[in-house]
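Read the structure below first, then the notes.
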Amino acid sequence: MHATRKIVSLLLVLAAIAIVSPPVSAQQSTSGFDHTRTGFPLNGMHSGVECAACHTGGRFSGTPRMCAACHDGTTASGKSAGHPPTSNACASCHSISGWDKTRYDHREAKGACVSCHNGSHAQGKHNGHIATTAPCETCHTNTTTFATARFDHAGITSGCASCHNGSTATGKSANHIATTAPCESCHKTTTTFSGASFSHAGITSGCASCHNGSTATGKSANHIATTAPCESCHKTTTTFSGASFSHAGITSGCASCHNGSSAPGKPNGHVATTAPCESCHKSTSTFSGAKFSHAGITSGCASCHNGSTAPGKPNGHLPTSQTCETCHRSTSTFSGASMNHTGIVSGCANCHNGTFAEGKPNDHPRTSAPCESCHKSTRSWD
C-alpha cells in the first residue's frame with residue numbers, strides 16, 4: 001500500500017511538470033528546464049551556474065531577481081574589500097558578461113570623484129598633474145574625458161610657475177622676455193597672457209635685449225641711425241619720448257639725422273645752402289651761434305641778407321637797388337663799404353644829405369641848386 005502511494009505521487013508530479021513546462025528551448029539548465037519562461041533568462045555568466053547556487057534549499061518560487069540580493073557575499077560573491085564605495089545598483093556598472101567588464105554610468109554618481117578616482121579603484125591624478133588639493137570636479141566638468149579641464153584661478157596671486165612650466169600648463173613662449181622674475185610680476189590677470197606690464201624698476205642697461213622689435217617694441221622705422229645702446233639717449237623707462245641724444249664725438253654727418261624727420265632739420269627761413277650743417281653750426285647743444293663761412297661768396301648776398309634769414313639793410317641804409325656786393329667788399333664786416341658812383345650824374349642829394357652820406361658843410365654857399373650843378377666829380381668835392 002505504501003509503495004503504491006509513492007508511485008501515485010510521482011505520477012502526479014510528472015503530470016504537473018508536463019502541464020506547466022513548455023517545450024525545452026535552446027536556453028536551459030542541466031535539468032532541461034527552460035528558464036526563459038520565468039522571465040529571468042540565464043544569459044552570460046548566469047548560463048553556467050548550477051540551479052542550487054540560486055535556488056537554495058530547493059526553493060524555486062520567490063527567488064530574488066536583483067543582483068545584490070544574491071551577490072551579497074554569502075549566496076554569491078559580492079563587493080570585494082577594495083570595491084569603490086557606492087550605493088548604486090550592481091547593474092549600473094556591471095554586466096552579466098563578467099565582473100571585469102564594467103562601464104561606470106556617471107549619471108548615477110554620488111559623492112566626490114576622488115572617492116573612486118584615487119589611483120586604486122579608478123584612474124587618479126597622474127604624475128604630471130597640477131599640484132592642487134581642489135576637488136576633481138572643480139576643474140574636470142566632463143565625466144567622459146579628462147581633457148578640456150579648466151582650472152579655476154580664483155584667489156591665485158602667486159606661484160604661477162609651479163604649473164605654468166611648459167609641461168603641466170603653458171609656460172613661457174620661445175620669444176618671451178628673458179627674465180627670472182615671477183610670472184605674476186608682469187601678468188596681472190589669470191584669464192589672458194596679454195596685457196602684461198613689465199616693471200622696469202632697477203633696469204639701467206641692456207634694453208636692446210628685449211626692445212628688439214620682437215620681444216618688445218624696438219627702434220621705429222624712422223629712428224636715428226645709431227649703434228649706441230638705447231639707454232644712451234632714453235633716460236626713462238616709462239616713455240620713449242624725451243630722449244636726449246649725446247652728440248659727444250659727433251663732428252660730421254649731422255644731416256643724416258637732422259633731416260626734419262629723425263631730428264629737427266633746416267627751418268623754413270634757413271639760409272639757402274647745400275653746405276653740410278657742421279660748416280656753420282659748431283655746437284651740438286644749440287643751433288644758435290652758427291657762423292656762416294663766406295669763403296668764395298662774391299655775389300647773391302641779398303638772397304640771405306634780407307633781414308629775415310640774415311641781417312639786411314638797416315633803416316638808415318642808402319636808398320639803392322644795387323646789389324650788396326657792389327659796395328660791400330668784405331664778408332666779415334659791413335663797415336668800409338665804398339659806394340661805386342659810376343654812372344651817377346644826378347640825385348646826389350638823395351644820399352648826400354648829412355645822414356646817409358656827407359652833405360653840405362656849414363660854410364657851404366647857400367643854394368638850392370642840385371649838387372651835380374657844381375660838383376662834376378663823384379670822387380672829390382673839389
Side-chain angles (χ1 to χ4, degrees), residues 82 84-85 104 106-107 109-221 223-224 226-244:
Y104 185 65
H106 286 81
R107 290 176 298 180
K110 296 182 178 71
C113 305
V114 73
S115 61
C116 291
H117 288 283
N118 52 22
S120 176
H121 297 146
Q123 184 178 354
K125 293 179 185 174
H126 55 81
N127 292 334
H129 194 281
I130 293 175
T132 177
T133 56
C136 307
E137 53 271 21
T138 304
C139 303
H140 297 279
T141 56
N142 189 333
T143 57
T144 58
T145 176
F146 289 115
T148 71
R150 186 174 178 82
F151 183 69
D152 184 1
H153 288 81
I156 303 296
T157 57
S158 63
C160 305
S162 61
C163 292
H164 288 282
N165 51 24
S167 174
T168 305
T170 305
K172 293 179 185 174
S173 59
N175 63 341
H176 193 282
I177 292 176
T179 178
T180 57
C183 307
E184 53 272 18
S185 299
C186 303
H187 297 277
K188 303 302 182 183
T189 173
T190 57
T191 56
T192 176
F193 290 116
S194 62
S197 178
F198 182 70
S199 174
H200 289 79
I203 304 296
T204 57
S205 62
C207 305
S209 61
C210 292
H211 288 282
N212 50 25
S214 173
T215 305
T217 307
K219 293 179 184 174
S220 59
H223 193 282
I224 292 175
T226 178
T227 56
C230 306
E231 53 271 19
S232 299
C233 303
H234 298 277
K235 302 304 182 182
T236 173
T237 57
T238 56
T239 176
F240 290 116
S241 61
S244 178

Original post:
Among pairs that include at least one residue of residues 137-165, which meet side chain to side chain donor-acceptor pair (under 3.5 Å), considering only residues two or more places apart or in two chains?
Top reply: Asn142-Thr144
Original post:
Rounded to the nearest 0.5 Å, how far apart are NE2 of His223 and CZ of Phe240?
Top reply: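 Taking NE2 in His223 and CZ in Phe240, the distance rounds to 8.5 Å.
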Subject >> Nearest-0.5 Å distance that lies between atom OG in Ser185 and atom NE2 in His187 >> reply: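 Here the interatomic distance stands at 9.5 Å.
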Any idea which heavy atoms bring [X] and [Y] closest together, and the distance?
X	Y	value
Asn175	Ser214	ND2-OG, 4.2 Å
Ala208	Cys230	N-SG, 3.9 Å
Thr238	Thr236	OG1-OG1, 2.8 Å
Thr132	Lys125	O-NZ, 2.7 Å
Cys210	Ile177	SG-CG2, 3.2 Å

Subject >> Step-by-step side-chain contact (heavy atoms from CB on, under 4.5 Å) determination, Ile203 to Glu231 >> reply: CA-CA 10 Å; Ile203 304 296; Glu231 53 271 19; over 6 Å; no
**OP:** Go through the steps for Phe146 and Gln123 under the test side-chain contact (heavy atoms from CB on, under 4.5 Å), then give the verdict.
**Re:** CA-CA 10 Å; Phe146 289 115; Gln123 184 178 354; 3.5 Å; yes
